[in-house]
Amino acid sequence: MTDAQREKFKQKLLELHAELTGKTPARIEPNRTDEGRVGGDEDEQPLNEMLQAIASNRNRNSEAVLKRVLKALGKLRQDPDSFGECEECGDEISLARLEAVPYVEFCVNCQGQKDSPKGGPTRKKLTDYT
């Protein structure tokens, strides 16, 4: 990877860092602030709880991405020659993959192994029930 490519990725990571740190955490206000008050819409409370769960998951995901962005920026600062190498096997990560996700840590093969199910297939076959 050339110095110009590293600089381009550094700028992308800095922009992403600024975007993530500039966001305020997503928050959904509860629609029932008083335990005695019951709304007229029976779907209102479950919907609000679902939206709160989604906001909470989004906040956790943003924190995880921010940690990975900071790790990638640290790698660029401390050991720029190792930026773009898979942390598992040491092979070069493709430039297209880095373009899409500049904070990626693993090559496609290693990421696939990490994401694959650990056990055997879980889907049942029709013959399993006879």
Side-chain angles (χ1 to χ4, degrees):
M1 180 179 303
T2 66
D3 288 338
Q5 289 170 324
R6 278 191 206 94
E7 186 60 33
K8 183 173 77 169
F9 288 123
K10 180 180 178 183
Q11 291 308 314
K12 281 183 130 181
L13 287 164
L14 289 172
E15 289 170 10
L16 191 54
H17 179 270
E19 179 184 330
L20 290 169
T21 55
K23 281 185 185 178
T24 58
R27 180 165 164 72
I28 304 292
E29 293 297 325
N31 59 358
R32 201 168 115 184
T33 56
D34 180 15
E35 288 295 323
R37 183 176 89 62
V38 177
D41 185 1
E42 64 186 34
D43 293 333
E44 188 177 16
Q45 187 65 27
L47 176 63
N48 196 316
E49 289 172 6
M50 181 187 70
L51 291 173
Q52 287 176 339
I54 290 170
S56 177
N57 285 337
R58 190 173 298 141
N59 291 339
R60 275 194 301 272
N61 186 41
S62 292
E63 290 172 13
V65 170
L66 181 59
K67 285 180 184 177
R68 291 174 69 192
V69 166
L70 290 171
K71 183 178 177 181
L73 284 169
K75 198 174 201 181
L76 272 169
R77 192 176 317 109
Q78 295 170 356
D79 189 12
D81 291 335
S82 71
F83 180 79
E85 291 178 358
C86 176
E87 293 184 5
E88 188 73 26
C89 67
D91 287 349
E92 285 285 321
I93 299 172
S94 71
L95 289 177
R97 184 166 167 81
L98 284 168
E99 284 284 336
V101 186
Y103 52 86
V104 71
E105 300 164 326
F106 305 106
C107 67
V108 173
N109 291 333
C110 292
Q111 188 69 56
Q113 289 174 357
K114 288 188 168 301
D115 293 344
S116 67
K118 300 299 180 224
T122 58
R123 178 171 280 176
K124 300 284 185 185
K125 296 183 179 78
L126 185 58
T127 57
D128 292 344
Y129 297 104
T130 57

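Taking the side chain as every heavy atom from C-beta outward, Leu16 and Lys12 never approach each other to under 4.5 Å. Under the 4.5 Å side-chain criterion, counting only non-hydrogen atoms from C-beta, Glu88 is not in contact with Gln111. Put simply, the side chain of Leu66 does not reach to within 4.5 Å of the side chain of Tyr103, judged on heavy atoms. Using a 4.5 Å cut-off on side-chain heavy atoms (C-beta onward), Glu105 and Lys114 make no contact.
Judged by distance alone, the side chains of Glu7 and Gln11 do bring a donor and an acceptor atom under 3.5 Å apart.
Atom CG of Asp115 is separated from atom CD of Gln113 by 10.5 Å, given to the nearest 0.5 angstrom. In this structure, the separation between NZ on Lys8 and OG1 on Thr2 is 8.5 Å, given to the nearest 0.5 Å. Going from atom CZ of Arg77 over to atom CG of Asp79 covers 12.5 Å, rounded to the nearest 0.5 Å. A distance of 8.0 Å separates CG in Leu73 from CZ in Phe83, rounded to the nearest 0.5 Å. Atom CD1 in Ile54 sits 13.0 Å away from atom CG in Asn61 (nearest 0.5 Å).
With hydrogens and angles disregarded, no donor-acceptor distance shorter than 3.5 Å links the side chain of Arg6 to the backbone of Leu76.
No chain of hydrophobic side-chain contacts below 4.5 Å, direct or via other Ile, Leu, Val, Met, Phe, Trp or Tyr residues, connects Val108 to Val101.
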* Asked: Leu13 and Lys10: side chain to side chain contact (heavy atoms under 4.5 Å, CB included), yes or no, with the steps?
  -> CA-CA 5 Å; Leu13 287 164; Lys10 180 180 178 183; 5.7 Å; no
* Asked: Passes side chain to side chain contact (heavy atoms under 4.5 Å, CB included), Gln5 versus Leu98? Steps please.
  -> CA-CA 10 Å; Gln5 289 170 324; Leu98 284 168; over 6 Å; no
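In plain terms, the two heavy atoms of Arg97 and Phe106 that are nearest each other are NE-O, 2.9 Å. When every heavy atom of Cys89 is checked against every heavy atom of Cys107, the shortest pair comes out as SG-SG, 3.8 Å. Between Ile93 and Cys86, the shortest heavy-atom distance links the atoms CG1-N, 3.8 Å.
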